[in-house]
Amino acid sequence: MRIVALAGGIGAARFLRGLRQVEPDSEITAIVNTGDDISLHGLRVCPDLDTVMYTLGGGISDERGWGRQDETFVVRSELDAYGVGPSWFGLGDRDLATHLVRTQMLDAGYPLSQVTAALCDRWSPGLRLLPMSDDRVETHVVTDVPGAGRQALHFQEWWIRYGAKLPAERFVGVGAEQAAPAPGVLEAIAAAEVLLFPPSNPVVSIGTILAIPGIREALRAADAPLVGVSPIVGGAPVRGMADACLAAIGVEVSAEGVGRHYGARRSTAGADGLLDAWLVDASDAGSTVPGVEVAVRPLLMPDVASAAALAQATLEVARALR
């Protein structure tokens, strides 16, 4: 079976690990958000790509959900001693090797999709990992910074340094309108038998991928059913601070609110909805999304077994739609 998933970071990575376990013989493609990417100390860092790659390759820190296991931070400490920032973003010593290789290849002229494939040669994630675009796209947040006034901060600074506590006026995908889908992205969507939205931030992960011209249209035109998994359980994000992002775009922080934000794919002419089915947790039973089948399943993934069970349940819903 050909399965395509749009993916953010930790939640999507854990879901994909479960999906790979229940569908080891399927052709799985993950199209990953790169709007979180940032340049630090002369290195290009791709947080979501690396989180998915490390998680599926067995190198992730399960305790943190990001970065390498058995990580050390000697270089970070030395940079702090020199007074070289930013101090709010910590690159681990093992993780630095990935960023060094990526930056060297990018500087040599290789596109991000080829660089990602080369990095995956080491990690063997068991699926095809594609950046949403080879073009540089960065999510910035327009907000009021205490003592400095209105600024456009890189998403990572808003998210990590300020803990997403500065109210966001809006999110800006710098470069998104001019970007093109990475090679293979549109082809994978068109050939898919199942399309998935794993639990990911609907604004700055899935939303950023959808902002790349051609991707939303390809999803709406595809023959495969599109099934999404809510990242909101019981009115709160499972991880992270998606509530701050949803508030900024006027979407209710609930499983129903996010489902309605995505909308129904088979809706009236002129609409741009995407979902055929939407999975919510038992705590959100009763959620309704017009034109979308809402299924109640356990959504929490504390371990690989529960992630596999969720992936299996998602595929069962998709097969029923087919």
Side-chain angles (χ1 to χ4, degrees), residues 8-11 32-51 64-67 71 73-92 95-96 99 102-103 106 112 131-133 135-179 200-212 231-232 236-253 257-258 261:
I10 298 172
V32 182
N33 166 50
T34 58
D36 294 5
D37 294 6
I38 188 169
S39 293
L40 295 168
H41 309 298
L43 301 177
R44 193 63 178 164
V45 181
C46 301
D48 284 357
L49 278 169
D50 290 344
T51 294
R64 292 192 305 270
W66 55 269
E71 187 62 280
F73 293 88
V74 175
V75 173
R76 175 182 177 178
S77 298
E78 288 297 307
L79 288 168
D80 288 344
Y82 280 114
V84 176
S87 59
W88 48 265
F89 197 106
L91 295 176
D95 200 24
L96 274 170
H99 310 317
R102 175 186 293 116
T103 304
L106 289 172
L112 182 60
M132 64 186 192
S133 178
D135 299 313
R136 184 165 175 165
V137 178
E138 292 187 359
T139 300
H140 289 198
V141 186
V142 178
T143 184
D144 285 322
V145 179
R150 182 169 298 179
Q151 294 187 14
L153 302 177
H154 191 286
F155 170 76
Q156 295 291 354
E157 184 172 9
W158 179 76
W159 189 257
I160 299 173
R161 181 180 183 182
Y162 294 104
K165 290 183 171 55
L166 300 180
E169 178 181 310
R170 66 182 185 275
F171 297 94
V172 180
V174 179
E177 292 183 357
Q178 296 76 38
S200 297
N201 191 307
V203 182
V204 295
S205 293
I206 301 295
T208 303
I209 300 172
L210 296 174
I212 303 301
I232 305 295
V238 177
R239 289 187 66 98
M241 299 160 280
D243 48 347
C245 300
L246 290 167
I249 64 169
V251 173
E252 179 182 85
V253 183
V258 175
H261 168 66

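Predicted, not measured: the structure shown is a model, and the values here were computed from it.
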Sub-3.5 Å donor-acceptor pair from the side chain of [X] to the main-chain atoms of [Y], do we have one?
| X | Y | answer |
| --- | --- | --- |
| Arg102 | Arg44 | yes |
| Thr139 | Asp36 | no |
| Thr51 | Gly9 | no |
| Trp66 | Ile10 | no |

Side chains of Asp37 and Leu112: closer than 4.5 Å at any heavy-atom pair?
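Asp37 vs Leu112: side chains touch.
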Hey, does Pro131 have a side-chain heavy atom less than 4.5 Å from the side chain of Asp48?
no
Contact summary for Leu40 and Pro86, nearest pair of heavy atoms:
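Closest pair (atom of Leu40, atom of Pro86, distance): CD2-CG, 3.6 Å.
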If you take all heavy atoms of Leu91 and Phe73, which pair is closest and at what distance?
O-CD2, 3.8 Å
Would Tyr162 and Thr143 count as a side chain to side chain contact (heavy atoms under 4.5 Å, CB included) here? Give the steps.
CA-CA 11 Å; Tyr162 294 104; Thr143 184; over 6 Å; no
Using a strict 4.0 Å threshold on nitrogen-to-oxygen distance, state whether Arg150 and Glu169 make a salt bridge.
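So Arg150 pairs with Glu169 through a salt bridge.
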With sequence neighbours left out, which residue pairs that include part of residues 81-92 fulfil the side-chain hydrogen bond (donor to acceptor under 3.5 Å, both in side chains) condition?
none
Give me the ring orientation class for His154 and His140: parallel if the planes are under 30° apart, tilted from 30 to 60°, perpendicular past 60°.
tilted
Take His41 and Val75 through the side chain to side chain contact (heavy atoms under 4.5 Å, CB included) test and state the conclusion after the steps.
CA-CA 11 Å; His41 309 298; Val75 173; over 6 Å; no
Does the pair Glu138 and Phe155 meet the rule for a side chain to side chain contact (heavy atoms under 4.5 Å, CB included), with working shown?
CA-CA 8 Å; Glu138 292 187 359; Phe155 170 76; over 6 Å; no
Rounded to the nearest 0.5 Å, how far apart are [atom1] of [X] and [atom2] of [Y]?
| X | Y | atom1 | atom2 | answer |
| --- | --- | --- | --- | --- |
| His261 | Glu252 | NE2 | CD | 13.0 Å |
| Glu157 | Ile38 | CD | CD1 | 7.5 Å |
| Cys245 | Asn201 | SG | CG | 4.5 Å |

